[in-house]
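Below: one structure, written as structure tokens.
Just so you know, residue 1 is the first one in the sequence shown, and it goes up from there. No experiment lies behind these values; they were computed from the predicted model shown.
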Amino acid sequence: MTKYDTTCDLGQCSLIGQTCAVFNLRKASRAVTKLYEEILKPSGILPTQFTLLVVTRAFGPVTISSMAEMLVMDRTTLTRNLKPLEREGLLRVVPGKDDKRSREVSPTNKGLEQLEEALPLWQEAQYRVEHALGSVRLDRLLDDLTAVVSAARSA
């Protein structure tokens with residue numbers, strides 16, 4: 001068994017801040033989320049809601065289980081995040097066609113309109129990130145993030 005250093009002094013904490021994958025991924029996620037939130041604000045939807053609308057538009061009707069798998073989310077968390085969009089009439093959640101115990105999610109006409117309203121704002125946010133990083137670096141980052149998801153799933 002590998003022996004780990006259990007002292008958590010200033011140097012160890014500093015090293016964690018510099019090298020910890022989750023620490024740095026979450027920090028980057030908060031910064032990027034804040035940018036997208038600010039730019040998407042006029043549309044009335046949050047980046048997480050935008051993502052859910054995009055997935056349901058691209059794959060809908062899609063089961064909650066399939067969505068959770070795609071988004072690497074817990075089903076209960078996803079269900080909780082879908083509720084406001086369903087309440088606002090942007091998404092429809094109905095029993096599955098093949099299995100009535102499953103729930104299928106699809107965008108409503110109102111949801112599609114909301115998505116189309118938000119799309120130019122998302123494009124602006126995306127442009128700002130790409131402009132700041134450069135397209136090559138952004139592509140590399142997206143490839144690296146895909147690899148991180150795969151690695152975490154298989155660990």
Side-chain angles (χ1 to χ4, degrees), residues 12-97 102-155:
Q12 179 73 2
C13 289
S14 179
L15 184 64
I16 290 169
Q18 294 167 14
T19 62
C20 178
V22 73
F23 180 93
N24 286 284
L25 281 168
R26 291 180 63 87
K27 183 169 72 170
S29 177
R30 286 188 298 272
V32 173
T33 298
K34 184 177 177 182
L35 171 69
Y36 279 74
E37 282 176 349
E38 289 172 7
I39 294 172
L40 283 170
K41 196 172 202 156
S43 73
I45 59 172
L46 297 168
T48 51
Q49 295 172 324
F50 178 83
T51 301
L52 296 176
L53 288 171
V54 167
V55 169
T56 58
R57 174 67 175 115
F59 300 100
V62 61
T63 65
I64 290 177
S65 293
S66 294
M67 267 183 92
E69 177 75 16
M70 280 185 258
L71 296 168
V72 193
M73 287 180 79
D74 179 74
R75 285 184 74 245
T76 57
T77 302
L78 175 58
T79 300
R80 192 171 43 253
N81 289 338
L82 291 170
K83 290 280 188 217
L85 295 171
E86 184 181 17
R87 223 178 7 257
E88 293 172 29
L90 302 177
L91 293 178
R92 183 178 305 107
V93 181
V94 297
K97 291 180 188 118
S102 70
R103 310 291 285 159
E104 290 185 342
V105 184
S106 57
T108 63
N109 288 337
K110 183 179 177 183
L112 294 174
E113 289 171 8
Q114 188 83 29
L115 183 58
E116 288 176 1
E117 180 183 327
L119 188 58
L121 299 169
W122 173 85
Q123 289 168 333
E124 174 62 25
Q126 189 72 6
Y127 169 80
R128 288 190 194 181
V129 170
E130 184 173 348
H131 183 74
L133 293 177
S135 61
V136 171
R137 194 173 188 189
L138 178 59
D139 288 345
R140 188 172 61 238
L141 172 64
L142 295 173
D143 287 345
D144 288 347
L145 291 171
T146 299
V148 167
V149 170
S150 294
R153 283 182 160 178
S154 64

4.5 Å side-chain heavy-atom contact, Thr48 and Asn81: no

Glu124/Arg128 salt bridge by N-O under 4.0 Å criterion: yes

Close side-chain approach of Arg87 and Pro84, heavy atoms under 4.5 Å: yes

Inter- and intrachain pairs under ring pair (Phe, Tyr, Trp, His ring centres under 6.0 Å), touching residues 61-97, at least two apart: none

Minimum-distance pair of heavy atoms, taken over all atoms of Ser43 and Glu117: CA-OE2, 3.6 Å

Spacing of CG belonging to Leu119 relative to CD belonging to Gln126, to within rounding of 0.5 Å: 10.5 Å

Test item: Thr63 side-chain N/O and Glu104 main-chain N/O as donor-acceptor pair under 3.5 Å: no

Side chain to side chain contact (heavy atoms under 4.5 Å, CB included) assessment of Ile64 paired with Val93: CA-CA 9 Å; Ile64 290 177; Val93 181; 4.2 Å; yes

Distance in Å, Leu115 CG paired with Leu52 CG, rounded so as to fall on 0.5 Å steps: 11.0 Å

Thr56 (side chain) donor-acceptor with Val105 (main chain) under 3.5 angstrom: no

Considering all heavy atoms, the nearest Glu88-Lys110 contact: O-NZ, 2.9 Å

Ile39, Thr33, Val32 screened by side-chain contact (heavy atoms from CB on, under 4.5 Å) with Tyr36, the one that passes: Val32

4.5 Å side-chain heavy-atom contact, Leu82 and Arg103: no

Side chains of residues 132-150: which donor-acceptor pairs under 3.5 Å do they make with residues two or more places apart or in other chains?
| residue | atom | partner | partner atom | Å |
| --- | --- | --- | --- | --- |
| Thr146 | OG1 | Leu142 | O | 3.0 |
| Ser150 | OG | Thr146 | O | 3.3 |

Pair Arg80-Thr77, side chain to side chain contact (heavy atoms under 4.5 Å, CB included): steps then yes or no: CA-CA 5 Å; Arg80 192 171 43 253; Thr77 302; 3.4 Å; yes

Arg92 versus Pro107, closest heavy-atom pair with distance: NH1-O, 4.0 Å

Any donor-acceptor N/O pair, Thr19 side chain to Leu15 backbone, under 3.5 Å: yes

Heavy-atom pair of closest approach, residues Ile16 and Asn24: O-ND2, 4.5 Å

Spacing of NZ belonging to Lys34 relative to OG belonging to Ser29, to within rounding of 0.5 Å: 13.5 Å

Candidate pair Leu40 and Leu46, rule side chain to side chain contact (heavy atoms under 4.5 Å, CB included), full reasoning: CA-CA 7 Å; Leu40 283 170; Leu46 297 168; over 6 Å; no

Test ring pair (Phe, Tyr, Trp, His ring centres under 6.0 Å) applied to Tyr127 - qualifying residues, sequence neighbours left out: His131

Straight-line distance of Glu69 CD to Leu78 CG, nearest 0.5 Å: 12.0 Å

Side-chain (Lys27) to main-chain (Gly17) donor-acceptor, under 3.5 angstrom: no

Leu90 and Gln49: CA distance, side-chain angles, deciding distance, side chain to side chain contact (heavy atoms under 4.5 Å, CB included) verdict: CA-CA 10 Å; Leu90 302 177; Gln49 295 172 324; over 6 Å; no

